[in-house]
Amino acid sequence: MSDDLRDFIRNRIRADVAAERLPHGVVTRFPPEPNGYLHIGHAKSICLNFGVAEEFDGRTFLRFDDTNPLKEGEEFVEAIRRDVEWLGFRWTGEPTFASDYFRELYHFAERLIERGKAYVCSLTAEEIRASRGTLTEPGTPSPYRDRPTDESLDLFRRMKAGEFPDGAHVLRARIDPASPNVNMRDPVLYRIRHATHHRTGDDWCIYPMYDFTHCICDALEGISHSLCTLEFEDHRPLYDWVLDNIDMNYHPPQIEFSRLGLPFTVMSKRQLTRLVADGHVSGWDDPRMPTLAGLRRRGYRPEAIREFCRRIGVSKADNLVEVEFLEFCVRNDLEGTAPRAMAVLDPLPVTLTNYHGDGETLTGPWHPQRAEMGQRDLAFSRNLYIEREDFSDNPPRKYRRLVPGGMVRLRYGYIIECEEVVRDSAGEVSELRCRYVPESKSGSDTSGLKPKGVIHWVDANSAIAAEVRNFDRLFRVPAPAGDNLAGDLNPNSLHTDHGFIEPAIAASPETRFQFERTGYFVKDSELHHPQRPVFNRIVSLRDSWKPKAQGQG
RNA sequence: UGGGGUGUCGCCAAGUCGGUAAGGCACUGGGUUUUGAUCCCAGCAUGCGCAGGUUCGAGUCCUGCCACCCCAGCCA
């Protein structure tokens, strides 16, 4: 397929394929723990795992890493399945679960004990921590390290049988208490947990740890390349140790890449969970959240997220990708797919003093470069709304919109000239009284006039009132502090406008639109109704116009 | 101070056996345009964390530094 992608992982796979080192072809897996919702960082991993398999005609498993019943649940399993599918990927067969392999895992553990490679340790969690040493000091052997094999085996069986309370014993690998790599200092393989598992119920009261589980599941599923993030690099020796010490003739290589870094947001499940729990956002799918559910509700299309993941690449370097990059991908995707329409978010009434009669119907294309998208009718009459921002009686230099005595073209309509500015008692502009040029109708203009500016507008009589939610970054600092999340929140991350949209928008089955000259918007999946429109701003339009700092109009 | 990683343009990121620094984003000019959008054209690292060394030639090899990230859960 697309061998245009170059990164160290694909290069490695290409070499493995060329050397015919992959008896079962390319097999990858996306292994989330079902304890939260997926976010854009997971999208990077999903696109990598599923993408690589597609490119090399391989397969990808969706495997839930559910070895900790205390934190996991079906709600998350469902949400994750939905998000992966939404992103546009299909896994091989049914999703698998680490819990599917609990029985095999248990047998592998018994064999390990029999070979003297694992033992039951009866130290408390605190004692284990104390004997583990520190980063710079070696640990000391557990007093149970030389417990006879038979005794360990018996204890382990009784642990499984439920004879002991949580924390009474654990199964540990016998590796090296003094290893410079703390992960190798006789790591815990199994712990007692009298908890109900979302899939296996109360079948088990001992649960395997990640390091013991993951590598074995990878091997059992015939994974050809086990891709994970950098923080697991220190665990690779353990991944290899387990597979080297059990009866398994298959050993996938673990390859690590760096996680996606994005400023002005948080990406850890712990922090995202807190935002939801503390009510700082409306839920996991709040449009400001970096979760796939949030981005979906925000209006991002999966195509845009996939393109983003493709463009950022994969490497081992720590990275912080500018949000402008993501926004570029979103605009790029919407540019060719979203129909255009007009909406006035901050309305200023305009009365055409020389326009008489009941009004008329104009037309405008749904997309200026894509005639095949057709066109829609635009009601036009004596009473209109224009954007408050598009009028100024103290314009900055190079201002190309409406000014007192000035002319401007109404998009797909007529040219108007501002004759009078009406103000309310507070001195605020409350209405513009303008003259329209009858012979300047769009498409049959014989006026010869060439106003500099073109502005959008909406017919006051037929426009539909709409709520438009504009979002800004959730946090006001690039790197929100883990301990004081609330304090770093951007108090202005949500700004709601009450404006008017042309009726064709509400009537259209389309959900995403470009409101011309403003941005891309989507009908909110929960709150929108044709009679009571509610839109979310997906992303604003790029705006290269920067008025001179001086005449602040 | 133990172990494991990473350092190529403001950001992301390619750089085969050492051979004379891709591309994208951003930015800056210019053109088209009834969206200050899109589109098009042009510009944008004599430099590859720093310092030495090997070599006809080094981002790519060697040596020594420096900076940053990860690890001491019976979490994943």
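Letters go in sequence order (proteins before strands), and every chain restarts at 1.
A salt bridge (charged side-chain N to carboxylate O under 4.0 Å, His left out) with A:Arg340 is found for one member of A:Glu510, A:Glu335, A:Glu502 and no other, namely A:Glu335.
On a pure distance criterion of 3.5 Å, a polar donor-acceptor pair joins the side chain of A:Asp234 and the base of B:G3. Not a single donor-acceptor pair, N or O on each side, falls under 3.5 Å between the base of B:A37 and the side chain of A:His456.
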Q: Give the intermediate values and the outcome of salt bridge (charged side-chain N to carboxylate O under 4.0 Å, His left out) for residues A:Arg199 and A:Asp66.
A: CA-CA 9 Å; A:Arg199 299 208 96 219; A:Asp66 57 348; 5.2 Å; no

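Contacts of A:His235 with the nucleic acid, taken as non-hydrogen atoms under 4.0 Å apart, include base atoms. A:Tyr412 comes within 4.0 angstrom of a nucleotide base, judged by non-hydrogen atoms across all strands. Looking at heavy-atom distances under 4.0 Å, A:Val321 makes contact with sugar-phosphate atoms alone, never a base. Note on A:Leu135: a base of the nucleic acid sits closer than 4.0 angstrom, heavy atoms only. At the heavy-atom level, A:Asn11 lies under 4.0 Å from the strands shown only through sugar-phosphate atoms. Among the atoms of the strands shown, base atoms are found under 4.0 Å from some heavy atom of A:Tyr399. When heavy atoms are screened at a 4.0 angstrom cut-off, A:Lys71 is found touching base atoms of the nucleic acid. If you check every strand for non-hydrogen atoms under 4.0 Å, A:Gln514 touches a base. Residue-level contact check: A:Gln369 touches the bases, meaning some heavy atom is under 4.0 Å from a base atom. Residue A:Met184 is out of contact with every strand shown, counting any heavy-atom pair closer than 4.0 Å. Among the protein residues, A:Thr134 comes within range of the nucleic acid bases, having at least one heavy atom under 4.0 Å from a base atom. Within the 4.0 angstrom heavy-atom criterion, base atoms lie near A:Gly443. Within 4.0 Å of A:Pro32, counting heavy atoms only, lies no atom of the nucleic acid at all.
Phosphate contact (OP1/OP2 of B:C75, side-chain N/O of A:Arg193, threshold under 4.0 Å): present. Dashed line: the shortest gap from a side-chain N or O of A:Arg185 to OP1 or OP2 of B:G2 is not under 4.0 Å. Distances shown here put every side-chain N or O of A:Thr518 at or beyond 4.0 Å from the OP1 or OP2 atom of B:U35. OP1 or OP2 of B:G73 has at least one side-chain nitrogen or oxygen of A:Arg132 nearer than 4.0 Å. In this structure, A:Ser544 does not reach the B:G36 phosphate: none of its side-chain N or O atoms is under 4.0 Å from OP1 or OP2.
For residues 441-453 of chain A, the salt bridge (Lys or Arg N to Asp or Glu O under 4.0 Å) pairs, not counting sequence neighbours, are A:Glu360-A:Lys441, A:Arg409-A:Asp445.
Geometrically, A:Arg376 engages A:Trp366 in a cation-pi contact defined by less than 6.0 Å to the ring centre and at most 45° from the axis. For the pair A:Arg147 and A:Tyr119, the cation-pi test (distance below 6.0 Å, angle within 45°) is failed.
Syn is the classification of B:G73, since its glycosidic angle stays within 90° of 0.
Along RNA chain B, the nucleotide nearest A:Phe232 and the nucleotide nearest A:Arg517 are compared for position; the residue whose nucleotide lies closer to the 5' end is A:Arg517. Toward the 5′ end of RNA chain B lies the nearest nucleotide of A:His367, the other residue of the pair A:His367 and A:Asp66 mapping further downstream.
Under the Watson-Crick and G-U wobble criteria, each requiring two contacts below 3.5 Å, nucleotide B:A67 is paired to B:U6. In this structure B:U16 sits in no base pair that meets the Watson-Crick or G-U test at under 3.5 Å.
A straight line from CE of A:Met209 to P of B:C71 spans 15 Å, rounded to a whole angstrom. Atom CD of A:Glu231 is separated from atom P of B:C68 by 20 Å (rounded to the nearest Å).
The ring pair (Phe, Tyr, Trp, His ring centres under 6.0 Å) search around A:Trp241 returns none, not counting sequence neighbours. In this view, A:Glu417 and A:Met407, A:Arg435 satisfy the side-chain contact (heavy atoms from CB on, under 4.5 Å) rule, not counting sequence neighbours.
Side chains of A:Tyr436 and A:Leu410 form no contact here, defined as non-hydrogen atoms less than 4.5 Å apart. Put simply, the side chain of A:His456 does not reach to within 4.5 Å of the side chain of A:Tyr412, judged on heavy atoms.
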Table of protein N/O atoms under 3.5 Å from nucleotides 24-33 of chain B N/O atoms:
| from | atom 1 | to | atom 2 | distance (Å) |
| --- | --- | --- | --- | --- |
| B:G24 | O2' | A:Arg311 | NH1 | 2.5 |
| B:C27 | OP2 | A:Arg542 | NH2 | 3.4 |

Show each protein N/O and nucleotides 5-8 of chain B N/O combination with a separation under 3.5 Å, one pair to a line.
| from | atom 1 | to | atom 2 | distance (Å) |
| --- | --- | --- | --- | --- |
| B:G5 | O2' | A:Glu233 | OE1 | 3.4 |

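Ring-centre distance between A:Phe535 and A:Phe515: below the 6.0 Å cut-off.
Both geometric conditions, a ring-centre gap below 5.5 Å and a plane tilt below 30°, are fulfilled for A:Trp545 over the base of B:G36.
Between B:C27 and B:U55, the distance separating the two P atoms is 48 Å to the nearest Å.
Between atom OH of residue A:Tyr385 and atom CZ of residue A:Arg388 there is a gap of 11.5 Å, rounded to the nearest 0.5 Å. The OH atom of A:Tyr144 lies 9.5 Å from the CG atom of A:Leu155; values are rounded to the nearest 0.5 Å.
Shown for residues 119-129 of chain A: residues whose heavy atoms fall under 4.0 angstrom of RNA chain B, namely A:Leu123, A:Thr124, A:Ala125, A:Ile128, A:Arg129.
Across A:Leu345 and A:Glu387, no two heavy atoms sit closer than the pair N-OE2, 3.0 Å. When all heavy atoms of A:Val458 and A:Ile501 are compared, the closest pair comes out as CG2-C, 3.9 Å.
Distances from the side chain of A:Asn319 to the nucleotides B:G36, B:C74, B:A13 place B:A13 closest.
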